[in-house]
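Before any comments, here is the structure.
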Number of protein chains: 2
Amino acid sequence: MRTISPPVGLPALNETDLVGQVARRLTEAIVQGRLPPGSKVVEAGIARELGVSRAPVREAARLLEQQGLLVANPRRGFFVRQFAADDIDEIYDLRLCVERHAAVLAARHLTPETRDMLRRQIEVLHETADLDDPARQVEEDYRFHRLICEIAGNRRMLRLFDDLASELRMVIGLIGRLYDDPHEIARTHEPVLAAIEAGHPERIVAHVDYHIGHAWREVGRLVREIAPWPVAAK
Amino acid sequence: MRTISPPVGLPALNETDLVGQVARRLTEAIVQGRLPPGSKVVEAGIARELGVSRAPVREAARLLEQQGLLVANPRRGFFVRQFAADDIDEIYDLRLCVERHAAVLAARHLTPETRDMLRRQIEVLHETADLDDPARQVEEDYRFHRLICEIAGNRRMLRLFDDLASELRMVIGLIGRLYDDPHEIARTHEPVLAAIEAGHPERIVAHVDYHIGHAWREVGRLVREIAPWPVAAK
DNA sequence: TAATCGCCGATTGTCGACAGTTTAGACTTG
DNA sequence: CAAGTCTAAACTGTCGACAATCGGCGATTA
């Protein structure tokens with residue numbers, strides 16, 4: 001656990017400066033679908049709307065490009081990323097590969113404190129399932145998985161998870177509705193935690209496979225159902 | 001049906017514009033050790049040296065920050081990333097996790113053409129081992145592993161590999177010398193390819209584990225040998 | 001009528017400038 | 001002599017401007 005941040009360490013999201021704020025606003029607009037996939041992001045427009053100059057907007061856009069939310073076309077500008085069905089497969093394929101490993105590592109590093117955090121998060125998931133707030137539900141879901149990556153203790157793995165999650169957030173935000181039964185999703189987290197507490201690598205992998213595979217199929221189904229994607233004008 | 005360039009797809013490396021060129025020059029300077037770890041990257045200095053303004057330099061720096069080569073300190077500037085021994089462990093831990101999976105996928109997607117590319121690359125590795133050119137050797141080594149990720153067919157996985165590789169290139173470039181016996185490294189690639197050709201997942205994983213684990217121990221040893229890292233002045 | 005060419009507005013890529021902050025060094029003080 | 005303080009230079013964050021380029025629309029032509 002670190003407290004200071006000298007010139008060493010992984011990129012630490014600057015929430016203070018303009019670039020960070022612009023990036024957050026842009027991300028919001030994208031995952032909420034206000035900037036639909038395929039739509040052009042006009043630098044001057046965003047800048048005017050946010051009351052800043054184009055420089056911070058450009059830098060923020062490059063950030064989102066690296067995150068996979070925007071696509072840059074030289075001399076043509078930034079466009080909101082469009083997802084195809086096979087993007088979902090790529091993301092979940094990678095997620096599965098990484099989270100399997102993360103869960104095994106998390107089991108190895110598990111302490112009473114971190115175990116309780118995971119348990120509490122599952123409770124939160126159940127409570128949220130009653131709220132009928134899909135965005136919140138997705139957020140709490142990711143918080144559980146992110147916790148596992150944090151406990152695993154590999155900062156680069158955590159960053160990878162965050163990047164994949166931001167892409168998924170966008171897709172799921174665009175789908176507009178969650179998987180059919182939020183309670184079932186909440187329930188499928190339990191055996192994962194149980195396996196981690198038990199500490200049997202094979203069982204951990206099996207349950208992570210089942211849980212993420214479930215989400216994979218579910219999201220894949222919804223995406224294919226909606227495809228061809230609601231492409232934005234202009 | 002028009003054929004205009006689609007705003008769809010993964011970020012497509014702009015080698016044409018200034019930002020891309022500045023990023024490449026900066027990367028070169030870093031992996032070659034001309035900009036030592038911990039040293040400050042003064043925007044105006046780089047800009048003057050390359051004959052451009054600060055804007056493209058800033059954007060390039062943000063790119064390298066996302067790649068993990070630079071660290072940004074708000075209001076204080078960019079610094080060349082400093083690696084600790086546990087960074088090596090993080091990188092190889094993630095690499096192992098991803099390349100295991102990539103190799104299994106590659107086996108599944110292997111065609112006669114891609115198989116020959118892998119074989120040829122191993123030949124190149126042996127030829128390069130005689131040249132006593134560490135940088136070149138490292139490059140050809142990565143090219144083999146990158147090929148596997150390419151054949152696997154997951155673009156995000158390939159990008160992850162590239163990011164990890166750029167960090168490793170920097171570390172290895174700073175170490176200055178390669179693992180003890182370049183020929184042995186070249187040889188340890190052979191069973192990996194053999195396993196992929198055979199197509200047995202367990203054997204693939206075992207050989208990838210052995211090969212990457214070997215590099216992990218070797219690089220880890222060298223890094224710990226050199227630590228505390230030669231920190232740059234200013 | 002359909003396809004091509006050329007022009008015009010819109011947008012990006014890049015630049016130089018300015019204000020606020022940080023850093024380094026000289027100077028003071030206990 | 002060490003520690004703290006103050007001042008000036010250096011640097012970052014942000015801005016507005018300008019040239020080059022792109023996309024669309026109408027005119028021209030076969």
Side-chain angles (χ1 to χ4, degrees), chain A residues 4-8 11-26 29 35 38-66 70-81 231-234, chain B residues 1-9 11-26 29 35 38-66 70-81 231-234:
Chain A
I4 56 168
S5 66
V8 190
L13 260 271
N14 315 327
E15 292 289 14
T16 67
D17 61 344
L18 276 193
V19 175
Q21 291 183 21
V22 173
R24 264 199 328 146
R25 297 290 294 272
L26 269 179
L35 282 175
S39 60
K40 192 171 186 329
V41 177
V42 180
E43 299 171 6
I46 305 293
R48 203 172 37 247
E49 191 167 345
L50 297 181
V52 299
S53 81
R54 276 175 53 215
V57 174
R58 277 181 70 88
E59 297 191 16
R62 288 233 185 258
L63 244 136
L64 297 207
E65 184 198 359
Q66 288 283 317
L70 293 182
V71 175
N73 278 45
R75 300 257 161 219
R76 213 162 292 179
F78 292 92
F79 296 82
V80 178
R81 177 70 183 283
V231 171
K234 182 80 188 277
Chain B
M1 177 72 67
R2 288 167 300 166
T3 54
I4 57 165
S5 76
V8 190
L13 261 267
N14 319 326
E15 291 289 11
T16 66
D17 61 344
L18 276 193
V19 175
Q21 290 183 21
V22 173
R24 264 199 328 147
R25 297 290 294 270
L26 269 179
L35 282 175
S39 60
K40 191 173 188 326
V41 176
V42 180
E43 299 170 7
I46 305 293
R48 202 173 37 248
E49 191 167 345
L50 298 181
V52 299
S53 81
R54 277 176 52 216
V57 174
R58 277 180 70 87
E59 296 191 15
R62 288 235 187 260
L63 244 134
L64 297 207
E65 185 199 358
Q66 288 283 317
L70 294 181
V71 176
N73 277 46
R75 300 253 159 222
R76 211 160 292 179
F78 292 92
F79 296 82
V80 178
R81 177 72 183 285
V231 172
K234 184 82 188 281

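Labels below follow one simple rule: chain letters A, B, ... track the order of the sequence lines, proteins then strands, and each chain is numbered from 1. Just so we're clear, the structure is a prediction, and the values are computed from it rather than from any experiment.
- Protein atom CD of E59(B) is 15 Å distant from nucleotide atom C1' of dT12(D), rounded to whole Å.
- A straight line from CD of E43(A) to C1' of dT14(C) spans 11 Å, rounded to a whole angstrom.
- Rounded to an integer number of Å, the gap from R48(B) CZ to dG16(C) C1' is 14 Å.
- By the side chain to side chain contact (heavy atoms under 4.5 Å, CB included) test, L63(B) is found to be paired with R62(A), Q66(A), V19(B), residues two or more places apart in sequence or in another chain being considered.
- Minimum interatomic distance between A60(B) and A23(B) (heavy atoms only, all atoms of both residues): CB-N, 3.7 Å.
- Separating the CZ atom of R62(B) from the C1' atom of dG13(C) is a distance of 18 Å, rounded to the nearest angstrom.
- Across all strands shown, V41(B) has heavy atoms under 4.0 Å from sugar-phosphate atoms exclusively, and none from any base.
- Checking dT14(C), dG23(D), dG16(D) against the side-chain heavy atoms of V19(B) singles out dT14(C) as nearest.
- Residue R76(B) has a polar side-chain atom (N or O) positioned under 4.0 Å from OP1 or OP2 of dT23(C).
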What's touching nucleotides 18-21 of chain C from the protein side, N or O pairs under 3.5 Å?
none

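- Atom CD1 in I46(A) sits 11.5 Å away from atom CZ in F78(A) (nearest 0.5 Å).
- Considering only side-chain atoms of R58(A), the nucleotide from dT14(D), dG16(C), dT12(C) that sits closest is dT12(C).
- Side chain of K40(A), nearest nucleotide from dT22(C), dG23(D), dT12(C): dT12(C).
- The nearest whole Å value for the distance from the CG atom in N73(A) to the C1' atom in dA10(C) is 17 Å.
- Counting to the nearest Å, the P atom of dC11(D) and the CD atom of E49(B) are 14 Å from each other.
- Residues L26(B) and L35(B) approach most closely at CD2-CD1, 3.9 Å, considering heavy atoms.
- Side-chain atoms of V42(A) lie closest to dT11(C) of the nucleotides dG16(D), dC15(C), dT11(C).
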Check residues 47-55 of chain A and write down every donor-acceptor pair under 3.5 Å in which the side-chain atom is one partner and the other belongs to a residue at least two apart or another chain.
| from | atom 1 | to | atom 2 | distance (Å) |
| --- | --- | --- | --- | --- |
| S53(A) | OG | A55(A) | N | 3.4 |
| R54(A) | NE | E43(A) | OE1 | 3.0 |
| R54(A) | NH2 | E43(A) | OE1 | 3.0 |

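- One can place CG of L18(A) at 12 Å from P of dG16(D), the figure rounded to the nearest angstrom.
- One finds the CZ atom of R81(A) at 12.5 Å from the CG atom of L64(A) (value rounded to the nearest 0.5 Å).
- Rounded to whole Å, the distance from CD1 on I46(B) to C1' on dT12(D) is 15 Å.
- Between V52(B) and F78(A), the one whose closest nucleotide on DNA chain C sits nearer the 5' end is F78(A).
- G38(B) and F79(B) get closest at one heavy-atom pair: O-CD2, 3.6 Å.
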